[in-house]
Amino acid sequence: MSRRREDIVIIGGGPAGLAAALAAREAGIRKVLILERDKELGGILNQCIHNGFGLHTFKEELTGPEYAEKYIQMVLEQQIPYMTNAMVTGIEVLENNDKCVTAMNKEDRLVEITAKAVILAMGCRERPRGALNIPGTRPAGIYSAGTAQYYVNMEGRMPGKEVVILGSGDIGLIMARRMVLEGAKVHCVAELRPYSGGLKRNIVQCLEDFDIPLYLSTTVSEIHGKERVEAVTLTRVDEHGVPISGSEWRVPCDTLLLSCGLIPENELTIGLGAQMDAKTGGPVVSEHLECSVPGVFACGNVLHVHELVDHVSAEAEKAGRFASEYVLASESKTCKSEVADASERREEGWE
């Protein structure tokens, strides 16, 4: 096991972590370390090859990888160190109020990193099928929209050819278009709520432009198939989300994509003992984005799910500055304490 000391440790090398690191360095913090569990920096942006990013931050329309690359290049120019393939297993508060972050990867094995401040930037994950309570067996052909996006955009693999999408979040809408462009037939997008959860531009560009129907107040009530998905049953629901008897119809398909919401990735935050917000799924923070645990800050989708990555970056810059202020204040306090101790020793005749 190796040990190292930093001023600020940032957990997550996606858009939030990169922006926070740059802001901390700009604020004068030299010892900043980014921990990223994937094999490269950039986070989820690496698989988001569609455009629409960067209009606020860079005043130009970029794809996800292009947006990430701009931040990665700035991090490299500032020579901010980072560890990839690094899985953080825990965060502990020490007696002197420093934080001990435990991480591991193949190259460094087990590493304990002591830091004055920690910035949480782990992002979010998709809501799984198990949280949706859809009756039926567990055949092949059921994917989260993000997993399907990874297969298509990163690995060149098609999840299926006859597709139904449950949930009209932005990832689901974007994948509806992507699947059509790759030659699949998207039969429909079903949405439990009476309104879409995606941006208006995505509804127009991804559904209406491709004549893909959107069924509101509709859900998947059953999945058919043993080895592979063969069809799904769609059902209308009332204003309370309760299926309406007699409104069912069957749609043949070989693939069901689930785009039913995002959940902030907060296992580490909960393990740290930070106070959580039941509404957002993220930690409770002050106006300085500081958690209930002093010296721990949160930003981006780990705090609450954002609609635009530009907003994630802007919030993360604030977290980087606030964490830097915390570190500089703690150093000043330590310095004053050391001066006072030295003065007291001189008065007592020890020096």
Please step through side chain to side chain contact (heavy atoms under 4.5 Å, CB included) for the pair Q149 and H50, ending with a clear verdict.
CA-CA 11 Å; Q149 185 182 58; H50 53 279; 3.9 Å; yes
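- Not a single donor-acceptor pair under 3.5 Å links the side chain of T147 to the backbone N or O of A145.
- Note on I91: it does not cluster hydrophobically with M276, by side-chain heavy-atom contacts below 4.5 Å among ILVMFWY residues.
- Few gaps surround CD on E60; more than 12 heavy atoms of other groups in view lie less than 6.0 Å from it.
- A distance-only check finds a donor-acceptor pair linking the side chain of E126 to the backbone of G146 [under 3.5 Å].
- The cluster map of Ile, Leu, Val, Met, Phe, Trp and Tyr, joined by side-chain heavy atoms under 4.5 Å apart, puts L268 and I44 in different clusters.
- Across all non-hydrogen atoms, the minimal contact from L289 to A319 is CD1-N, 3.6 Å.
- Of all heavy-atom pairs spanning A176 and V186, the tightest one is O-CG2, 3.5 Å.
- Atom-to-atom distance recorded for E92:CD and L94:CG is 5.5 Å, nearest 0.5 angstrom.
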Evaluate side chain to side chain contact (heavy atoms under 4.5 Å, CB included) for I203 paired with E208, printing each intermediate quantity in order.
CA-CA 6 Å; I203 297 172; E208 295 177 6; 4.0 Å; yes
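- More than 12 heavy-atom neighbours from other residues, nucleotides or ligands sit within 6.0 angstrom of CD on E267.
- Minimum heavy-atom separation, N85 to N105: O-CB, 2.8 Å.
- The shortest non-hydrogen separation linking F297 to H288 is CD2-O, 3.4 Å.
- Although no hydrogens or angles enter the test, the distance criterion places no donor-acceptor pair under 3.5 Å between the side chain of S324 and the main chain of A27.
- Within the 4.5 Å cutoff, side-chain heavy atoms of I223 are placed close to those of P139.
- For Y326, the OH atom is densely surrounded, since the number of other residues' heavy atoms within 6.0 Å is greater than 12.
- Hydrophobic clustering places Y215 together with L166 (ILVMFWY residues linked when any side-chain heavy atoms are closer than 4.5 Å, directly or through intermediates).
- Expressed to the nearest 0.5 Å, how far NE2 of H304 lies from CG of L262 amounts to 13.0 Å.
- When the shell of 6.0 Å around CD of E287 is examined, it contains 12 or fewer heavy atoms from other residues, nucleotides or ligands.
- Using a 4.5 Å cut-off on side-chain heavy atoms (C-beta onward), L181 and F210 make contact.
- Side-chain contact between V164 and L257: absent, with no pair of heavy atoms (C-beta onward) separated by less than 4.5 Å.
- Taking 4.5 Å as the limit, every side-chain heavy atom of V163 sits out of range of all side-chain heavy atoms of C253.
- No side-chain donor-acceptor contact under 3.5 Å links R250 and T233.
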Check against side chain to side chain contact (heavy atoms under 4.5 Å, CB included), M158 and M179:
CA-CA 8 Å; M158 280 292 285; M179 295 297 285; 3.8 Å; yes
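- Between M83 and V111, the closest side-chain pair of non-hydrogen atoms falls below 4.5 Å.
- Looking at S330, its side chain does come within 3.5 Å of a backbone N or O of V327 through a donor-acceptor pair.
- No side-chain heavy atom of F322 sits less than 4.5 Å from a side-chain heavy atom of V285.
- M175 has its side chain within reach of R178: a pair of non-hydrogen atoms, C-beta onward, lies under 4.5 Å apart.
- Taken from SG in C299 to CG in L120, the straight-line distance is 8.0 Å, to the nearest 0.5 Å.
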Start with the C-alpha gap between S144 and R127, add the side-chain angles, then the distance that decides, and say whether side-chain hydrogen bond (donor to acceptor under 3.5 Å, both in side chains) holds.
CA-CA 8 Å; S144 70; R127 197 180 304 277; over 6 Å; no
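- Counting only distance, with no hydrogens or angles, the side chain of Q79 and the backbone of E77 share no donor-acceptor pair below 3.5 Å.
- Under the 3.5 Å distance criterion, the side-chain polar atoms of D170 are matched with a main-chain donor or acceptor of L199.
- With P264 as reference, V305 is the one residue of V305, N301, D277 to meet the side chain to side chain contact (heavy atoms under 4.5 Å, CB included) rule.
- The aromatic rings of F53 and Y67 sit tilted, their planes meeting at an angle between 30° and 60°.
- Taken together through direct or relayed side-chain contacts under 4.5 Å among Ile, Leu, Val, Met, Phe, Trp and Tyr, L256 and L234 form part of one hydrophobic cluster.
- Separating the CG atom in L214 from the CG atom in L173 is a distance of 7.5 Å, to the nearest 0.5 Å.
- Judged purely by atom type and a 3.5 angstrom limit, D238 uses its side chain to pair as donor or acceptor with the backbone of V242.
- Atom NZ of K318 sits in a sparse spot, with 12 or fewer heavy atoms from other residues, nucleotides or ligands closer than 6.0 Å.
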Show the atom names and distances, to 0.1 Å, of all donor-acceptor pairs under 3.5 Å that link a side chain in residues 5-26 to residues at least two apart or in another chain.
{"from": "R5", "atom 1": "NH1", "to": "D98", "atom 2": "OD2", "distance (Å)": "3.3"}
{"from": "R5", "atom 1": "NH2", "to": "D98", "atom 2": "OD2", "distance (Å)": "2.6"}
{"from": "E6", "atom 1": "OE2", "to": "R4", "atom 2": "NE", "distance (Å)": "3.0"}
{"from": "E6", "atom 1": "OE2", "to": "R4", "atom 2": "NH2", "distance (Å)": "2.9"}
{"from": "D7", "atom 1": "OD1", "to": "K116", "atom 2": "NZ", "distance (Å)": "3.1"}
{"from": "R25", "atom 1": "NE", "to": "I29", "atom 2": "O", "distance (Å)": "3.1"}
{"from": "R25", "atom 1": "NH1", "to": "Q78", "atom 2": "O", "distance (Å)": "2.5"}
{"from": "R25", "atom 1": "NH2", "to": "R30", "atom 2": "O", "distance (Å)": "2.8"}

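- Judged by distance alone, with hydrogens and angles left aside, the side-chain atoms of E36 form no donor-acceptor pair with the main-chain N or O of T84 at under 3.5 Å.
- Of the possible donor and acceptor atoms, one in the side chain of R236 sits under 3.5 Å from a partner among the backbone N and O of L216.
- Taking hydrophobic clusters as Ile, Leu, Val, Met, Phe, Trp and Tyr residues chained together by side-chain heavy-atom distances below 4.5 Å, V296 shares a cluster with V302.
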Apply side chain to side chain contact (heavy atoms under 4.5 Å, CB included) to the pair E112 and V101, showing each step before the final yes or no.
CA-CA 6 Å; E112 282 190 353; V101 179; over 6 Å; no
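- Residues L192 and G241 come closest through the heavy atom pair CD1-O, 4.3 Å.
- Residues E191 and S168 have side chains that bring a donor and an acceptor to within less than 3.5 angstrom of each other.
- By the 30° and 60° cut-offs, the orientation of the rings of Y143 relative to Y151 is perpendicular.
- Annotation for R157 and E155: closest pair NH1-OE1, 2.9 Å, computed over non-hydrogen atoms.
- Under a cut-off of 6.0 angstrom, the local environment of CZ in R37 is sparse, with at most 12 non-hydrogen atoms contributed by other residues, nucleotides or ligands.
- Between the CG atom of N46 and the OH atom of Y150 there is a distance of 10.0 Å, given to the nearest 0.5 Å.
- Counting heavy atoms from C-beta outward, P283 and C291 have side chains that approach closer than 4.5 Å.
- At distances below 3.5 Å, not a single donor-acceptor pair connects side-chain atoms of D38 with backbone N or O atoms of G43.
- Note that CG of L303 is 11.5 Å distant from SG of C124, once rounded to the nearest 0.5 Å.
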